[in-house]
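The structure appears right after this line, and notes come after that.
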Amino acid sequence: MPIKPILTRQDGQGKTPDRLVINGQILDGSQVEGEDTWEVSIRGWKDAELLRSLQFCNLCPPIDSVTLPLKLSWNPYMTEVEITFKDYQNDSRIQVVNFFCGVELDRWAKPYSLADYLECTQDCIDGLPSQIIQFEPDSYGEDNYYGWTFTCALQSLDAVVDEELRDWLEQFKVIDTKAIQMALKNCQKGSLVTFFDFPAELKASCQQYLVYFVQFLEDLGIKANSEIKEDAGHILFSVTPADGPNALGKIKDALEAYLDLPRNPEFNATAEEFSDIAVSQLKANVFFLKSQLALAQATLETKNATIEALNFTVFQQRQLLTESVLNESVQESEKDCEPIVGDTVHLTKYEGKFLKVDLPTILRRLKRSFGAREK
């Protein structure tokens with residue numbers, strides 16, 4: 001059985017706050033208030049890491065509550081977590097973990113409103129089996145600041161603090177992702193919105209390839225606008241057709257075919273048969289991406305590690321579609337072989353392969369208003 005750590009406090013003698021001491025180590029980034037029972041606040045990251053290595057049962061007594069800092073790449077708004085062992089209002093023992101989030105309203109720069117995001121977050125929580133016992137949005141009394149709190153039931157006093165916090169944060173990451181998807185779906189109903197999680201070393205190259213997609217569409221005779229944003233580490237790629245929502249289904253399937261080109265074994269040989277500048281430029285973009293993927297894979301030090309980057313789905317591609325597009329896709333999938341981009345891309349029932357791409361016909365139809373035509 002692990003030895004229970006000794007928790008004491010260093011008296012600041014009224015000049016500085018009292019500090020928490022664990023096994024003789026003073027936590028300079030801590031502050032202790034209270035007499036018989038302590039309320040502890042820790043700001044230093046190393047100090048917080050030390051406390052997170054303990055079990056919950058190591059903290060109480062004498063600690064009744066402790067607040068720790070958080071810094072998450074996927075959610076900049078969740079900044080603190082508070083572990084509470086006592087309900088002061090009811091003077092009773094209670095074990096909960098509160099995750100605090102907040103944002104200055106003039107810094108909220110999303111395509112969806114904060115109210116929509118919070119409503120979608122509540123919907124996600126309601127739809128999940130979870131020990132989240134309360135989700136509470138609150139303005140905290142400040143005009144330009146809005147906060148919200150997740151209150152969770154402590155699962156075990158014998159658990160290590162860090163392990164339990166990580167478990168909760170993984171759940172919140174799922175909730176946050178789904179809430180963002182729902183909010184975007186509500187506010188961008190006329191666009192195809194796709195999320196990507198690119199490795200850092202490939203982010204710039206993959207984004208450049210996505211930017212060229214609009215030109216690819218135009219060369220096929222489909223006019224659209226696109227936008228790329230980075231949101232909490234995710235790449236948000238949206239495409240809005242000039243002809244209205246009716247073209248979303250075709251754009252969705254064109255994007256799937258486009259993303260498949262770098263790993264299509266027939267692309268190189270087939271592209272050599274055409275001299276149109278549209279095909280040449282597409283070929284240059286595909287080859288550039290493939291060279292960057294090969295370079296990234298070559299620099300990996302792990303013996304058996306690979307980057308399956310030729311398949312964009314490895315980057316957790318997630319498409320957000322309007323109901324009309326979803327229904328359209330379902331109807332098409334019920335047929336044995338239905339054309340979805342002219343007669344060049346077909347949806348099939350073959351297991352493990354949903355797209356059948358007529359690559360020569362696609363390349364033949366790529367036209368630019370200037371330059372040489374195909375041979």
Can you name the salt bridge (charged side-chain N to carboxylate O under 4.0 Å, His left out) partners of [X], sequence neighbours left out?
{"X": "Glu104", "answer": "Arg107"}
{"X": "Arg9", "answer": "Asp18"}
{"X": "Lys178", "answer": "none"}
{"X": "Glu80", "answer": "Arg43"}

Evaluate the criterion side chain to side chain contact (heavy atoms under 4.5 Å, CB included) for residue pair Arg52 and Leu68; output intermediate values, then yes/no. CA-CA 9 Å; Arg52 287 175 64 151; Leu68 304 171; 3.7 Å; yes
Is the count of non-hydrogen atoms from other residues, nucleotides or ligands lying under 6.0 Å from Asp36 atom CG greater than 12?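 Count not over threshold, so no.
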Test ring pair (Phe, Tyr, Trp, His ring centres under 6.0 Å) on Phe99 and Trp148; report intermediate values, then the result. CA-CA 8 Å; Phe99 293 85; Trp148 55 100; over 10 Å; no
How would you list, by chain and number, every residue that makes a side-chain contact (heavy atoms from CB on, under 4.5 Å) with Thr270, sequence neighbours excluded?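 So Thr270 forms a side-chain contact (heavy atoms from CB on, under 4.5 Å) with Glu266, Phe274, Leu359, Pro360, Leu363.
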Is there a donor in the side chain of [X] and an acceptor in the side chain of [Y], or the other way round, less than 3.5 Å apart?
{"X": "Asn285", "Y": "Gln281", "result": "no"}
{"X": "Ser30", "Y": "Asp47", "result": "no"}
{"X": "Asp176", "Y": "Tyr77", "result": "no"}

Mind checking whether Tyr117 and Trp108 have parallel, tilted or perpendicular rings, split at 30° and 60°?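 If you compare the ring of Tyr117 with that of Trp108, the planes turn out tilted.
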Within the 4.5 Å heavy-atom criterion, are [X] and [Y] side-chain neighbours or not?
{"X": "Asp167", "Y": "Phe172", "result": "no"}
{"X": "Tyr258", "Y": "Leu217", "result": "no"}
{"X": "Leu154", "Y": "Val96", "result": "no"}

Please lay out, stage by stage, how Gln155 and Trp168 fare under the test side chain to side chain contact (heavy atoms under 4.5 Å, CB included). CA-CA 10 Å; Gln155 300 181 58; Trp168 282 115; 3.7 Å; yes
Same cluster (ILVMFWY, side-chain, under 4.5 Å), Leu157 and Ile83: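 Hydrophobic grouping puts Leu157 with Ile83.
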Check the hydrophobic clustering (I, L, V, M, F, W, Y; side-chain heavy atoms under 4.5 Å; chains of links allowed) and say if Tyr209 and Phe288 are grouped together.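 Unlinked, Tyr209 and Phe288 end up in two clusters.
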Does Phe85 have its ring centroid less than 6.0 Å away from the ring centroid of Trp38?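 That pair fails the under 6.0 Å test.
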Do Phe150 and Phe100 have ring centres separated by under 6.0 Å?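 Ring-ring flag for Phe150/Phe100: false, centres at least 6.0 Å apart.
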Val214 and Glu227: CA distance, side-chain angles, deciding distance, side chain to side chain contact (heavy atoms under 4.5 Å, CB included) verdict: CA-CA 10 Å; Val214 169; Glu227 183 178 21; over 6 Å; no
Output, in order, the C-alpha distance, side-chain angles, deciding distance and verdict of salt bridge (Lys or Arg N to Asp or Glu O under 4.0 Å) for Glu256 and Lys252. CA-CA 6 Å; Glu256 291 182 5; Lys252 168 187 175 293; 3.0 Å; yes
Distance check, rounded to the nearest 0.5 Å: Lys4 atom NZ versus Leu54 atom CG?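 If we round to the nearest 0.5 Å, Lys4:NZ and Leu54:CG are 9.0 Å apart.
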One pair to check against side chain to side chain donor-acceptor pair (under 3.5 Å): Thr151 and Asn98. What are the steps and the verdict? CA-CA 5 Å; Thr151 299; Asn98 296 306; 2.8 Å; yes
Ring pair (Phe, Tyr, Trp, His ring centres under 6.0 Å) against Phe56, all qualifying residues, sequence neighbours excluded: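 Partners of Phe56 under the ring pair (Phe, Tyr, Trp, His ring centres under 6.0 Å) test: none.
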Side chain to side chain contact (heavy atoms under 4.5 Å, CB included), that's the test. Do Leu282 and Leu261 meet it? Break it down for me. CA-CA 10 Å; Leu282 173 63; Leu261 290 179; 4.0 Å; yes
